[in-house]
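I have placed the structure first, in the form of structure tokens, so that the comments after it can refer back to it.
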Number of protein chains: 2
Amino acid sequence: MKRDSRLSGVLHVLLHLAEASGPVTSEAMAKAMQTNPVVIRRLMAGLREAGFVHSEKGHGGGWAIARDLASVSLRDVYDALGAPELFALGHRTEAPGCLVEQAVNAALDDALRDAETLLLDRFGAVTLAALSVDFHARMVASGKSIDLETVHAG
Amino acid sequence: MKRDSRLSGVLHVLLHLAEASGPVTSEAMAKAMQTNPVVIRRLMAGLREAGFVHSEKGHGGGWAIARDLASVSLRDVYDALGAPELFALGHRTEAPGCLVEQAVNAALDDALRDAETLLLDRFGAVTLAALSVDFHARMVASGKSIDLETVHAG
DNA sequence: TATCATGCAATATATGATGTTACATGAAAC
DNA sequence: GTTTCATGTAACATCATATATTGCATGATA
């Protein structure tokens, strides 16, 4: 089962944006993330609509953070991505006529619903600012400096 | 993100097996589940190794439950399937050099780990017997009778 | 007006689950 | 014993879909 890395990717991009002094182009981000600029734009589209980032065309354009990092939780980012499916487990049939399958689905859904609530609550409790703090702590601990180009070069 | 329906499918099959009087062939199950006999055998392989079901070759052969339903939890079945990935969310990079990505991964993993614990505990608390009880309650409530062939005909 | 950057649709590629075929093994029926 | 039935498994085919790419339109700056 292939896993969806969009949330991970977007958070990564956002934190790098937060570190940058000016706007960063899709191309620069794409190079750093080893992917295509269009993929970056697709990822960011939801965040732009949600007002978390701002994009500018033309010379000197690119992407920039539009909100205080402390005001955006992982849950917000997740929602801005369209609240993608959290679980890899699914049902064989969504609306089964078979009563056995209904019972199975009900049991699984019950557990999944609770886990989903827990997970989203956790996401809601973590802000981008908190991630940034953690990142800076790691930077101090490692003694390394960082910038988008050099860190993602290797 | 495509979802893995193996757990759902196996549970469905197991409960039907429990209702059956004698061994059920892969072909019969496959017809009921609208899939291929080989797929059924693949699903059941882990359960056979775990000792939850028994298979017999030749005339009158097929699959049968080998354990008391009360002694098998959803967690056991999940493990017998090889403990497949629970979450659709993953990391962009598993062992990133980038400290930003490390911080992101750590935050996500933290939340996911707790959700996983909750989910597996829930699975551990539900036995096949409980599912069977629920199924019979549904059958009474609906007034319908059931058997493998007729229920899955349409 | 030439260049740079996003916006977006359409298409291509890659990956992995699911489905299928083929054949070997073993058990029961005849 | 030989025929039939069923599982066991590997190899292969298909299909779904996430990801990547291409192409072109739009708008902003030099």
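Naming convention: chains lettered A, B, ... in sequence-line order (proteins, then strands); numbering from 1 in each chain.
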Given atom [atom1] of [X] and atom [atom2] of [N], what is their separation to the nearest angstrom?
X: K57(B); N: dG26(C); atom1: NZ; atom2: C1'; result: 5 Å
X: R3(B); N: dC15(D); atom1: CZ; atom2: P; result: 24 Å
X: R6(A); N: dT19(D); atom1: CZ; atom2: P; result: 6 Å
X: H54(A); N: dA5(C); atom1: NE2; atom2: C1'; result: 12 Å
X: Q34(B); N: dC15(D); atom1: CD; atom2: P; result: 17 Å
X: E27(A); N: dT3(C); atom1: CD; atom2: P; result: 16 Å
X: M29(B); N: dT18(C); atom1: CE; atom2: P; result: 18 Å
X: E85(B); N: dG16(C); atom1: CD; atom2: P; result: 13 Å

At less than 4.0 Å, is any side-chain N or O atom of [X] found next to OP1 or OP2 of [N]? Yes or no.
X: T35(A); N: dT21(D); result: no
X: R48(B); N: dT9(D); result: yes
X: R42(B); N: dG19(C); result: no
X: S55(B); N: dT7(D); result: no
X: S26(A); N: dA5(C); result: no

Distance alone, cut at 3.5 Å: any donor-acceptor contact between the side chains of [X] and [Y]?
X: H91(A); Y: D109(A); result: yes
X: W63(A); Y: S26(A); result: yes
X: D76(B); Y: S73(B); result: yes

Seminar exercise, completed: Checking dA20(D), dT20(C), dA28(D) against the side chain of V39(B) (C-beta onward), the nearest is dT20(C)
Seminar exercise, completed: Testing dA6(D), dT20(C), dT19(D) for proximity to the side chain of N36(B), the answer is dT20(C)
For this session: Identify the residue among I65(B), V72(B), L43(B) that makes a side chain to side chain contact (heavy atoms under 4.5 Å, CB included) with L14(B).
Result: I65(B)
Exercise. So which one's nearest nucleotide on DNA chain C is more toward 5', R41(A) or H59(A)?
Worked result: H59(A)
Exercise. On DNA chain D, nearest-nucleotide positions of G60(A) versus V38(A): which is more 5'?
Worked result: V38(A)
For this session: Specify the residue among P37(A) and T25(B) whose closest nucleotide of DNA chain D lies further upstream toward the 5′ end.
Result: T25(B)
Exercise. How far apart are the C-alpha atoms of H54(A) and R48(A), what are their side-chain angles, what is the distance that settles it, and do they pass the side-chain contact (heavy atoms from CB on, under 4.5 Å) test?
Worked result: CA-CA 6 Å; H54(A) 173 80; R48(A) 175 166 27 90; over 6 Å; no
